[in-house]
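A quick write-up on the structure given underneath.
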6 protein chains.
Amino acid sequence: MFYHVKELQYHAKPERPDPIFARQLQEVLGGQFGEISVALQYMFQGWSVRGNGKYKDLLMDTGAEELAHIEMLATMIARLLDGAPVGDLESAAQDPIVGAILGGMNPQHAIVSGLGALPADSNGNRWTADYIIASGNLLADFRANLNAESQGRLQVARLYAATNDRGVKDMLSWLIARDTMHQNQWIAAICELEEKENVVVPSTFPKELEKQEVSYTLFNLSQGNESAEGRWASGPSMDGLGTFNYVENPVPFAEKPTLNPAPDYIFDTPPAVVAGRDRQIPPHLY
Amino acid sequence: MFYHVKELQYHAKPERPDPIFARQLQEVLGGQFGEISVALQYMFQGWSVRGNGKYKDLLMDTGAEELAHIEMLATMIARLLDGAPVGDLESAAQDPIVGAILGGMNPQHAIVSGLGALPADSNGNRWTADYIIASGNLLADFRANLNAESQGRLQVARLYAATNDRGVKDMLSWLIARDTMHQNQWIAAICELEEKENVVVPSTFPKELEKQEVSYTLFNLSQGNESAEGRWASGPSMDGLGTFNYVENPVPFAEKPTLNPAPDYIFDTPPAVVAGRDRQIPPHLY
Amino acid sequence: MFYHVKELQYHAKPERPDPIFARQLQEVLGGQFGEISVALQYMFQGWSVRGNGKYKDLLMDTGAEELAHIEMLATMIARLLDGAPVGDLESAAQDPIVGAILGGMNPQHAIVSGLGALPADSNGNRWTADYIIASGNLLADFRANLNAESQGRLQVARLYAATNDRGVKDMLSWLIARDTMHQNQWIAAICELEEKENVVVPSTFPKELEKQEVSYTLFNLSQGNESAEGRWASGPSMDGLGTFNYVENPVPFAEKPTLNPAPDYIFDTPPAVVAGRDRQIPPHLY
Amino acid sequence: MFYHVKELQYHAKPERPDPIFARQLQEVLGGQFGEISVALQYMFQGWSVRGNGKYKDLLMDTGAEELAHIEMLATMIARLLDGAPVGDLESAAQDPIVGAILGGMNPQHAIVSGLGALPADSNGNRWTADYIIASGNLLADFRANLNAESQGRLQVARLYAATNDRGVKDMLSWLIARDTMHQNQWIAAICELEEKENVVVPSTFPKELEKQEVSYTLFNLSQGNESAEGRWASGPSMDGLGTFNYVENPVPFAEKPTLNPAPDYIFDTPPAVVAGRDRQIPPHLY
Amino acid sequence: MFYHVKELQYHAKPERPDPIFARQLQEVLGGQFGEISVALQYMFQGWSVRGNGKYKDLLMDTGAEELAHIEMLATMIARLLDGAPVGDLESAAQDPIVGAILGGMNPQHAIVSGLGALPADSNGNRWTADYIIASGNLLADFRANLNAESQGRLQVARLYAATNDRGVKDMLSWLIARDTMHQNQWIAAICELEEKENVVVPSTFPKELEKQEVSYTLFNLSQGNESAEGRWASGPSMDGLGTFNYVENPVPFAEKPTLNPAPDYIFDTPPAVVAGRDRQIPPHLY
Amino acid sequence: MFYHVKELQYHAKPERPDPIFARQLQEVLGGQFGEISVALQYMFQGWSVRGNGKYKDLLMDTGAEELAHIEMLATMIARLLDGAPVGDLESAAQDPIVGAILGGMNPQHAIVSGLGALPADSNGNRWTADYIIASGNLLADFRANLNAESQGRLQVARLYAATNDRGVKDMLSWLIARDTMHQNQWIAAICELEEKENVVVPSTFPKELEKQEVSYTLFNLSQGNESAEGRWASGPSMDGLGTFNYVENPVPFAEKPTLNPAPDYIFDTPPAVVAGRDRQIPPHLY
């Protein structure tokens, strides 16, 4: 259950409106690695933890914080859109600034949301739950979380470099710091699980059931063997259970496949025709 | 540039057709962490590497292999669909096996693809590039890759447990082994980059520009403090640059936000009405 | 900013697992009118209110409650999935109950989420922000909210009728009651705004700028004039500003349109060819 | 069954081409509340009405009209795109008007549709049936329709304010007037149904089966009690069957949930690990 | 502009309800090649024809007919859903027919649409305008139309084979016949345009601007040269302007690409690190 | 199985960076008819061919080539993005070129992909497998392929006309030539299959089972009879099996449909209310 307070977790006040930047900032609100993604990802992971304890609590702590970040970004975007102009080619032709805004802003910020934030990315693609990950396996999911915080901090850093507005930069410096923490926390949690489980997910699948002769093999399938120089091509494997090896000229392990013909009721191309033989030559004009 | 050979990388021959399992197997072909996702993810990352070398080569080696896995799964699914029945309620009522198949199979396997594999997941959702990640930052992206291989191996293990067909199990044991290698290789590559760059992505954003007072703080935003027991709540941070701390009762750092009214041409609710005052009481019948 | 407590707003405990019903219940968690939709819809509307006051507060009160409903449903679905079987055609053939489950359950509940809830509907379509509405105009948006609660309560009622599990019914009776309140509250808010603004959205668009001769006209464009009997076809209009009228045989007000040819650099069909004349007859074999 | 006449319902002729406005106008053709949405929504609702009569006729009358509006908008957009320039940075650098157009137009209007309208919104998102609503319950659906016409008229009003082209304004004034009628007609139909059924949808769900103690309760889940001042917080409920009440400090009605462990074949994190205890410490190098 | 009559173009009455077949039939209503796709495809093509005449008329004739087919299918599906049962595992366990229905039907047919047709395919994926094609070039688009009618007739034939209901078969035999006509008509139109324009689209792109040395070359990029036997590998080309040739061992025409490093403000991996050299070894604990 | 060489099939080097054109070029990489679409379409068709031979080989030859085209375009786009500026309104206001770039470029090229290509179209819509077609019927699918190559060449021609960069034009001239070949090859393959099977897909559906009285009829459903002049309206049909005929005033073949009421547990509008009669008039205040 959730309680809301109307105060923001941190300031979200730009020095001045900027509809172009408002559009760009949507990326970290409603994009693949925006705050909606992490908020819902952490909460769905938390609700699926089978057994309670510190991992579930950590997920819910962080999920609740990401909700606050959505709120900060939505507020900032609404303020960046303050008094945003609307217009057509005539307006663009008369005023180069308006022309630049009409090009660089998201038209839906005026037409659809009435100068409010959208649950969408910087191209106006609506947020989709395709972005989020929750598998029930904590080590797998914490890796997803570390990735999300890495991609997220990278995007915020790029946005920080793109603006001169001190109010915007102030808020972004908060988000970057929080992403520093969140990367650190997921690394810590991953290390703990890797120590308990080993590094390969899932740790409970019996080794003897996998095709172990290729469990530590790098197949050189792209010409050139620069990749042979890496840590991944020789020496003990990272899970401590094998030895990396490198196959310079990999070949197929299996035959050329042939599929059986389809039954009549599927109306595929008749087998004789697939085989390149004539089936019938009906009279026609074409 | 790519060359194709028609031999499969590994065998893809079931003991017997099974349209129910064909549907489930689609998940690791065309789902969020299916082979289409990793193939395109690795290749897009590789094509964006600015500068060549072993990382790019590794990405292209692995991307080319994942194409072979798409091919193996497509072949296996087509064979599992051999002679799959079609039918309606009458067929289902007459034969419980047919009834089970009509429930458990994907109807598009008959109607749309003519007993071939679909570029879709186990619910028939078409594959989308929303699933893939390529940011230009290798450490961020290798974490995405490690996650993808972790989720992927987990899903294949679940499928392995769900079937009794020895041919299917044989192929899955290959995929599981390759995911073991791929998790190992991305861990190795991540370790190498973390040693060169430190663990927080992006490593080149200046520390002094982030709001450092909250860079290592865990806010307890979900009641209960089990999360205070974790490695992430105290002691030196994982990046070696700070000390974790735990805030049991976090409070807002900022004020309650108020937004300015919208211009007339946006036709939002008039400010007086938002404020709860009357704007006008026009005569009407409703 | 948000705080979470781990207690549920209301009980979410089924009498027994039921993976078939778990799939169906996803509709009101992650479908078009599921709890994710209303939670994010109310919060995005609230964050965009320009000026604070009771409407914003009401939106945030209700948005926060809907987050609690997501949590209850996610918990209920995880419990309905307790110990859910996985399997192939062989399993289905051996046990009719397993066959029914394999048909009626969502395979991703096992393969993808590891027996947890998905952010998806009852067909496994992932939730998308295409479902939500926030325009900045409160009267428009409260109508969207009244619709959402109407569709939502309807779907929950249908699910209530489909299950015999007393634990599930108990939770659904809570959701149905809350939807009763939410329909009542949005009606109350709508009435208040309609009294202040009149019933046509947006109320601030000048009447004289619309084509008033057709502002209260019903065009009979589907043969048969049953619709002439309705309240909407005669008498004073609902906004009190006009009189309904009915046009039995509506005709076009404008001409047949003709478009100019495209410039050469668009490579459309050449105008002579569109006009049905020959452009060229090049020698070819086809 | 449908008949088409080539004359337009109303004029769709701009004074001059304007590719920037063409992009914006797409919103009300192919956006969430564009004409494709209402046309298909009304027809799908009409086709599902179980029993004929005036409601079905009204739906089909209006659905057929919305098809005519799609046609008007498609024609207008094609004309706004007449002779639209294509180009690259060099063209943009040489001519500021071209630069503004390249920024503000939809590139697919040239590359994909060859200067024709697209079934997409103002950001180029393709129309999706996720936008439409048809539940079989007329009161619920008429509320969806009233919302659609409210959002639609709001968007057209915003576009009206954004253009100086008298031909475009003329067509928009037609659409605004028709939306005035359509809002009025759905309000009339809603009133009629509410009188017959009461205001809560579905009206046929037995009151005694819902958790009536919370059917008229407002939970104050967002700090601050401005919402207590509203009509929705006290007095008789809008359905005449209860009394609104306000809970200032809402608490959970249920316990903290715990989920059972997953079966082995799901390969989730092992229960001991979830509980924070060691499962195994295998030898490894990482 | 459109007029609707309530009579159906052809009968749509099944012998008996069948919710399993209702789900399958959705494919040709709301799938990639369902009637919504062709209706909107033909109309969007028609509205974009620059110049009137027989091609535009043909498109609008056929588009209007496809609207009638949507209506027939929506009616048929509603009737197949008559009295469809809802239920959970308990219902499935008690009655094998109900079990088969719960597996084979679309749960949204009960929960969402209230026993009406959905604008979705047989897996419940909502229809999307991604399916439709309108380029402004008639020859290109008529090829899209011929493909659509080919895929559509194929799918209807597969459905015809899957049902024993004489009422359903009767309606499908109508749709199959109409698809026979529509394939014939698009072939006729294609032949006419090919005679006027030649067979390669667009016919107006100057030959001398394309890299003519590879305009008629088949590169053997998949090992094995069965494809050398085809009509496409030797002899005069189909456009009469060249001669097919076959390259058995194709090689790259260009060099290995190297990309420049990204600017600092993009925060990609630093160039030294990409090159495999150390950038920094900061102190850290991980 | 696939092998990769790092050399490009053809040059992909622009004269100078151009982020505006980079965005436009995405259309033919990740749009509906971009190279991802054809690569995966041909390979999925190839993997589903039941029986080997020249058609399968041709599909795999061409699919492998299209992978090389994805690579060329990804490389070209990355180079066009070299050093692309990022910025806000202030930057746009200071430098008109930057303003034009911020309007005309895809912001995700900087924020998300770090100056790399995206698997998306020119509006930033992510690629989706909704675009691809593989039915198991070769004649149907080769028509899909001919359409894809026609639309693709058309789009590349439009892009060729939009740029002045000789490096870009050089690469596009390669793609245009290859599309010339691919159109020719699919036409050749189609002719071959049409000779063996006749022109209507599927050729194996028994003629006597379709409603033959309308198999060659054009219904004039759009007022005006220009379409009567076409080859499709009279004379022998293209399949040689019938005679075209034209119905100037088409009428319905069936009755007005009426649907039965829904069961109570669906909670649709009660039948009495649908029929326009009162069901109940409960006391309420609204």
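All of these numbers come straight from a predicted model, not from anything done at the bench. Here is the naming used below: chain letters follow the sequence lines, and residue numbers restart at 1 for every chain.
Using a 4.5 Å cut-off between heavy atoms, Glu192(B) touches chain A through its side chain atoms alone. Contact of Tyr10(B) with chain A is made through backbone and side chain together, with heavy-atom distances under 4.5 Å. Looking at Leu259(B), the atoms closer than 4.5 Å to chain A (heavy atoms on both sides) all sit in the side chain, from C-beta outward. Heavy atoms closer than 4.5 Å to chain A are found nowhere in Ala148(B), neither backbone nor side chain. When heavy atoms are compared at a cutoff of 4.5 Å, Tyr55(A) approaches chain B solely by way of its side chain, counted from C-beta outward. Interface remark: Val214(B) contributes backbone and side-chain atoms alike to the contact with chain A (heavy atom separation under 4.5 Å). The parts of Leu218(B) that come within reach of chain A are both its backbone and its side chain, each placing non-hydrogen atoms under 4.5 angstrom from that chain. Within the 4.5 angstrom heavy-atom criterion, only side-chain atoms of Ile266(B), from C-beta onward, approach chain A. Of the two parts of Leu67(B), neither the backbone nor the side chain holds a non-hydrogen atom closer than 4.5 Å to a non-hydrogen atom of chain A. The contact between Phe33(B) and chain A is made entirely by side chain atoms (from C-beta outward), counting heavy-atom distances below 4.5 Å. If you measure heavy-atom distances from Glu71(B) to chain A, you find no contacts under 4.5 Å at all. When heavy atoms are compared at a cutoff of 4.5 Å, Phe244(B) approaches chain A solely by way of its side chain, counted from C-beta outward. Residue contact with chain A, scored on non-hydrogen atoms closer than 4.5 Å, involves the backbone and the side chain of Asn184(B) alike. In this structure, no portion of Lys56(B) lies under 4.5 Å from any heavy atom of chain A. Heavy-atom distances place the side chain of Val5(A), and not its backbone, under 4.5 Å from chain B. Proximity to chain B (any heavy atom under 4.5 Å) is shown, for Lys169(A), by neither the backbone nor the side chain. Only the side chain of Asp268(A) comes within contact range of chain B, with heavy atoms under 4.5 Å apart. Only the backbone of Thr258(B) has a heavy atom closer than 4.5 Å to any heavy atom of chain A.
At a cut-off of 3.5 Å, with distance as the only test, a side-chain donor of Asn260(A) or Asp82(B) sits close to an acceptor on the other residue. Between Ser237(A) and Asp239(A), the side chains place a donor N or O and an acceptor N or O closer than 3.5 Å (distance only, hydrogens not considered). Side-chain contact of Ser37(B) with Gln32(B): a donor-acceptor pair under 3.5 Å is absent, judged by distance alone.
The greatest number of non-hydrogen atom pairs below 4.5 Å with chain A, out of Glu213(B), Lys6(B), Lys256(B), Arg153(B), is found for Arg153(B). Looking only at heavy-atom pairs under 4.5 Å with chain A, the residue among Glu210(B), Gln223(B), Glu229(B) that has the most is Glu210(B). Ranking Pro257(B), Ala64(B), Ala144(B), Gly53(B) against chain A, the residue ahead of the rest is Pro257(B), based on heavy-atom pairs under 4.5 Å.
Residue pairs meeting the salt bridge (Lys or Arg N to Asp or Glu O under 4.0 Å) criterion with at least one member in residues 172-185 of chain A, sequence neighbours excluded: Glu65(A)-Arg178(A).
Nearest approach of Phe205(B) to Ala157(A), heavy atoms of both residues: CD1-CB, 3.7 Å.
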